[in-house]
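The structure under discussion appears below in the form of structure tokens.
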Amino acid sequence: MIPQEIRKDIFWVGAIDWNVKNFHGHTYTTQRGTTYNAYLILDEKVALVDTVYGPFADEMIEKIKQVISLEKIDYIIANHVEIDHSGSLPQILKLCPKAKVLGTQKCKEGLFRNFYIDMDFRVVKTADKLNLGKRNLTFIEAPMIHWPDSMFTYCPQEKLLLPNDAFGQHYATSQRFDDEVKQDELMDEAKKYYANILWPLSTIILKKIEEIQKMGIPIEMIAPSHGVIWRKDPMKIINAYVSWAKNETEPKVVVVYETMWGSTEKMAQTIVEGIIDSGLEVRLFDVTRSDRTEIIKEMLDAKGFVFGSSTHDNDMLPTIAGFLEFLKGLKPKNRVACIFGSYGWAGGAIKNIENILKDTGIEIVQSSLSIQYAPDENDLKACYEFGKDFALKLLK
Ligand code: FEO
């Protein structure tokens with residue numbers, strides 16, 4: 001595969017990982033695979049911005065060789081220590097012995113703890129510059145977007161931002177640019193990526209976007225480290241990030257439940273009917289049969305959450321327990337919720353869901369609905385009204 005020139009003398013030399021279906025361990029389902037993007041900048045000096053995940057090192061090296069011999073690389077910019085971007089660094093350093101590595105202090109420490117090799121490393125800070133000849137690279141520290149070491153690289157002559165993980169998508173495609181792919185598919189993946197990785201860092205992200213806007217740097221192209229490059233309208237993804245980071249929501253409800261013998265499921269379906277009849281958008285997920293990554297994406301712009309579980313051993317069922325623990329880590333803000341569930345002889349699920357939602361900072365806006373064994377006609381009427389009441393609270 002030939003390297004793709006994204007600007008004059010700037011080449012995408014990354015790799016497409018069509019088959020990866022789980023990322024970050026099993027915290028993220030990458031149904032559309034991903035890409036590991038690395039960029040080669042040819043000037044009087046040659047810079048490689050990021051590398052790729054270790055198993056794809058040879059693919060990157062072959063692409064670089066089609067443009068320039070590797071020993072001519074002067075600088076490797078390490079925007080991020082995580083191994084999907086640094087994993088091939090030890091291999092490539094052997095092939096370009098004069099290359100100096102540039103990154104943050106935390107990156108330097110992290111690379112050493114990952115690989116235990118010595119490298120010629122220059123620590124950079126925000127506003128530090130690297131002259132390549134006709135072009136400069138400027139560095140912007142971006143701690144906790146999404147690791148402490150994270151950094152953005154900016155090229156003013158090209159109006160090109162290389163923000164590593166920020167603005168990325170886990171989206172394997174033969175196309176390299178935003179205007180070459182289906183827009184709904186692209187934004188779906190960008191939203192999924194934000195919801196599952198960046199959501200808890202929203203306050204930091206908003207501040208960083210404001211900081212960059214105050215710097216007044218023109219941006220014509222954003223080339224992230226995963227997915228396609230934003231060249232048609234970089235503001236589209238920046239504006240989407242601002243909205244997500246502000247926790248802006250729609251009058252939409254996501255219902256997530258787990259059922260043991262079907263009673264809690266009947267309740268969930270009837271609650272959803274009440275919400276639909278109130279005119280609200282709703283999504284229903286049996287957590288045991290759904291992709292968690294997809295549910296979280298749907299929650300990103302939903303104002304209301306409804307959670308249900310049968311009781312087992314005086315507690316909620318285990319899959320929804322894991323789901324709620326994951327959600328707690330994402331720190332959603334400005335959300336409201338209600339809870340329901342069926343029990344046999346002693347409850348417990350509802351109380352424990354209430355506790356975890358309190359810990360998560362989600363406001364419970366109505367009394368929980370609990371039903372013994374299977375719901376009868378009156379119970380189902382109560383479920384329907386429960387859904388309607390919740391929808392009305394959201395619409396206020
Ligand atoms: Fe934080 Fe794509 O790695």
Side-chain angles (χ1 to χ4, degrees), residues 12-39 48-57 59-60 76-92 101-115 139-153 161-173 176 186 189-202 204-205 208-209 222-230 237 241 244-245 293 296-297 326 329-331:
W12 175 83
V13 290
I16 305 170
D17 191 348
W18 300 96
N19 289 323
V20 63
K21 297 301 169 203
N22 287 291
F23 210 81
H24 284 155
H26 279 250
T27 64
Y28 192 123
T29 310
T30 43
Q31 286 173 339
R32 289 194 175 101
T34 194
T35 71
Y36 312 107
N37 299 337
Y39 301 97
L48 175 66
V49 180
D50 289 315
T51 67
V52 298
Y53 184 35
F56 293 84
E59 276 190 40
M60 180 185 67
I76 298 173
I77 314 304
N79 278 320
H80 184 25
V81 76
E82 197 165 8
I83 58 165
D84 51 331
H85 310 293
S86 70
S88 56
L89 190 58
Q91 192 172 334
I92 199 156
V101 183
L102 286 85
T104 61
Q105 176 63 32
K106 291 276 184 203
C107 181
K108 181 183 178 183
E109 293 162 13
L111 288 178
F112 183 74
R113 294 293 301 181
N114 265 343
F115 304 119
F139 305 106
I140 303 165
E141 290 166 279
M144 296 320 294
I145 306 175
H146 66 132
W147 278 19
D149 60 280
S150 298
M151 179 175 91
F152 299 171
T153 296
L161 184 68
L162 300 142
N164 195 265
D165 277 328
F167 309 117
Q169 330 92 48
H170 285 311
Y171 187 25
T173 163
R176 296 277 64 78
L186 169 61
E189 289 304 331
K191 182 178 172 187
K192 198 186 287 180
Y193 186 99
Y194 188 95
N196 283 274
I197 300 175
L198 300 173
W199 196 355
L201 311 165
S202 290
I204 296 165
I205 288 167
K208 186 55 65 179
I209 290 174
I222 299 176
S225 60
H226 296 291
V228 298
I229 297 163
W230 305 90
I237 189 63
Y241 265 49
W244 295 330
T293 305
I296 296 293
K297 180 204 77 185
F326 190 83
L330 294 173
K331 302 184 175 70

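Order of appearance sets the numbers: ligands from 1, and atoms from 1 within every ligand.
Aromatic ring pairs are classed by plane angle as parallel below 30°, tilted from 30° to 60° and perpendicular above 60°; the pair H226 and F23 is perpendicular. Aromatic ring pairs are classed by plane angle as parallel below 30°, tilted from 30° to 60° and perpendicular above 60°; the pair F56 and Y36 is tilted. Using a 30° and 60° split on the angle between ring planes, F167 and F152 fall in the tilted class, from 30° to 60°. Ring planes of H24 and H146: tilted class, angle from 30 to 60°.
Shown are the protein N/O/S atoms under 2.8 Å from atom 2 (Fe) of ligand 1, given by residue and atom: D84 OD2, H85 NE2, D165 OD1, H226 NE2.
Looking at S225, its side chain does come within 3.5 Å of a backbone N or O of N164 through a donor-acceptor pair.
For residues 24-36, the salt bridge (charged side-chain N to carboxylate O under 4.0 Å, His left out) pairs, not counting sequence neighbours, are R32-E185, R32-D188, R32-E189.
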